[in-house]
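To start, the structure under review is shown below, and the notes come after it.
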Amino acid sequence: MGWLLPFDNLLCMALGISFTVWFTSLLVFIIVPAILGVSFGIRKLYMNSLLKIFEWATLRMERGAKEKNQHLYKPYSNGIIAKEMSTLEQEIQELRSSSTTLSSEPEFEMADIMSFCRRGVESIVDDEVTKRFSAEELESWNLLTRSNYNFRHISLRLSVLWGLGLLIRYSFLLPLRITLAATGIGLLVVLTTIVGFLPSGRYKIHMMCYRICVRALTAIITYHNSENKPKNGGICVANHTTPIDVIILANDGCYSMVGQVHGGLIGVVQRAMVKSSPHIWFERSEVKDRHLVAKMLSNHVADKTNHPILIFPEGTCINNTSVMMFKKGSFEIGCTVYPVAIKYDPRFGDAFWNSGKFGMVSYLLRMMSSWAIVCSVWYLPPVNREEGEDAVQFANRVKAAIARQGGLVDLLWDGGLKRGKVKDTFREEQQKLYSKVGGSFSPG
């Protein structure tokens, strides 16, 4: 078997050269530019090339469907049924005016239930809440199996293009991104631990590491209105689509994070981060103590040397189409609030994390095997609580501004409905509204 030794040596040499070239290329073209905040424009060129490929694939798809008389599924719609924009008072008034018998004391009429029945059926047929926790549908195919699965079977060329894309994403992009992610997280843990003992320069470490993680997702981010970026002593609030929202924002500024203490790898990162900058981590038993949480937040923003706190008031991930109810806790602190709107481009990959369907590891693998993460971030003007305005009204005003800027649907529902039932307070509000409306009409 001695004749195999030269081949073994040659194989080892070839592998050694390959790894050397691989890591040298990463260091020169990705890691060092990321640390310095420099971009060569490769990602934007890559994005524009993908757009041209998607456009060509869409044309082929439409032509192939037409030739074979196949129905080209266009899943997007503004709603399954047409809803009439009218108030409860208007609906009941219309029902009572059409009634043949009117009592002298119209506090309740049997016909009134028709309004509630109609609204109930509308909610069942076209549920505004549940569909916010499923992946956003696309008008056309982006060459990913996970979206519009049957489109790749329309023509041979599309099938070949899909197979080529699969090969590129899993044999080149995925290993590259995993290497970059491991490098970014490793540097974050090691460097934050080291610089925790230094008096200055510590916060730059976070941005350097987050920029490497952004490269690991091939994230192409456009920041708007940078003059409104959050400042020290304030709270930054943003809509929440995915855990990588943190990386998207931290790539452009320094923030103090708020969250629950975790174990495993996330716990290691949390403990390393808190050594180099002030973050607020809660024990599981402390999360439900609103007064304790509010006190910790107040103490943090009172120190103007601390970086702004980053909070996602929805408390859960929504599918990039809407903004749901903001929890009022972060709006009770009495400091300046900096709203931020984040909107992802679904054509390059679905950024939404459906936590009920995918674990964190499988979700990150889906992200790293997508084409790219493309998004826009808008820094809105800072706002303060107005005189006579309570925390709920303040939260709704900020939420409406974020939804308007990001082109998202502004919903009043609580994101907690993903896992729980409707709160009694919602039902009681409707009952109180009806009790006020019910006796406000006189027979006509």
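Just so we're clear, the structure is a prediction, and the values are computed from it rather than from any experiment.
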Quick one: closest heavy-atom pair of [X] and [Y], and the distance?
| X | Y | answer |
| --- | --- | --- |
| Lys327 | Ser330 | O-OG, 4.0 Å |
| Lys343 | Asn320 | NZ-O, 2.6 Å |
| Tyr170 | Pro175 | O-CD, 3.5 Å |
| Ile185 | Cys213 | N-SG, 4.3 Å |
| Phe358 | Ser362 | CB-OG, 3.6 Å |
| Ala401 | Leu380 | O-CD2, 3.6 Å |

Gap separating the [atom1] atom of [X] from the [atom2] atom of [Y], nearest 0.5 angstrom:
| X | Y | atom1 | atom2 | value |
| --- | --- | --- | --- | --- |
| Trp353 | Leu364 | CH2 | CG | 8.5 Å |
| Ile280 | Ile311 | CD1 | CD1 | 7.5 Å |
| His279 | Leu310 | NE2 | CG | 10.5 Å |

Using modelled atom types and a 3.5 Å cut-off, is there a donor and acceptor pairing between side-chain atoms of [X] and backbone atoms of [Y]?
| X | Y | result |
| --- | --- | --- |
| Tyr255 | Pro230 | no |
| Asn225 | Asn228 | no |
| Tyr363 | Ala351 | yes |
| Glu314 | His240 | yes |
| Arg43 | Ala219 | yes |
| Asp245 | Thr241 | yes |
| Gln405 | Ala341 | no |
| Lys328 | Asp390 | no |
| Ser370 | Arg366 | yes |
| Asn48 | Leu45 | no |

Modelled atom types, side-chain donor and acceptor of Tyr344 and Asp350, under 3.5 Å: no
No-hydrogen, no-angle side-chain donor-acceptor test under 3.5 Å, His300 and Ser256: yes
[X] atom [atom1], over 12 foreign heavy atoms within 6.0 Å:
| X | atom1 | answer |
| --- | --- | --- |
| Lys304 | NZ | yes |
| Glu55 | CD | no |
| Lys231 | NZ | yes |

Do [X] and [Y] have side chains that get closer than 4.5 Å, going by heavy atoms?
| X | Y | value |
| --- | --- | --- |
| Phe312 | Val246 | yes |
| Val237 | Val340 | no |
| Leu173 | Met368 | no |
| Ile373 | Val214 | no |
| Ser322 | Asp410 | no |

Whether Phe54 and Phe348 hold their rings parallel, tilted or perpendicular, with breakpoints at 30° and 60°: tilted
Asn306 and Val301: CA distance, side-chain angles, deciding distance, side-chain contact (heavy atoms from CB on, under 4.5 Å) verdict: CA-CA 7 Å; Asn306 287 337; Val301 298; over 6 Å; no
Verdict with supporting geometry, Leu180 and Ile178, side-chain contact (heavy atoms from CB on, under 4.5 Å): CA-CA 5 Å; Leu180 288 173; Ile178 290 176; over 6 Å; no
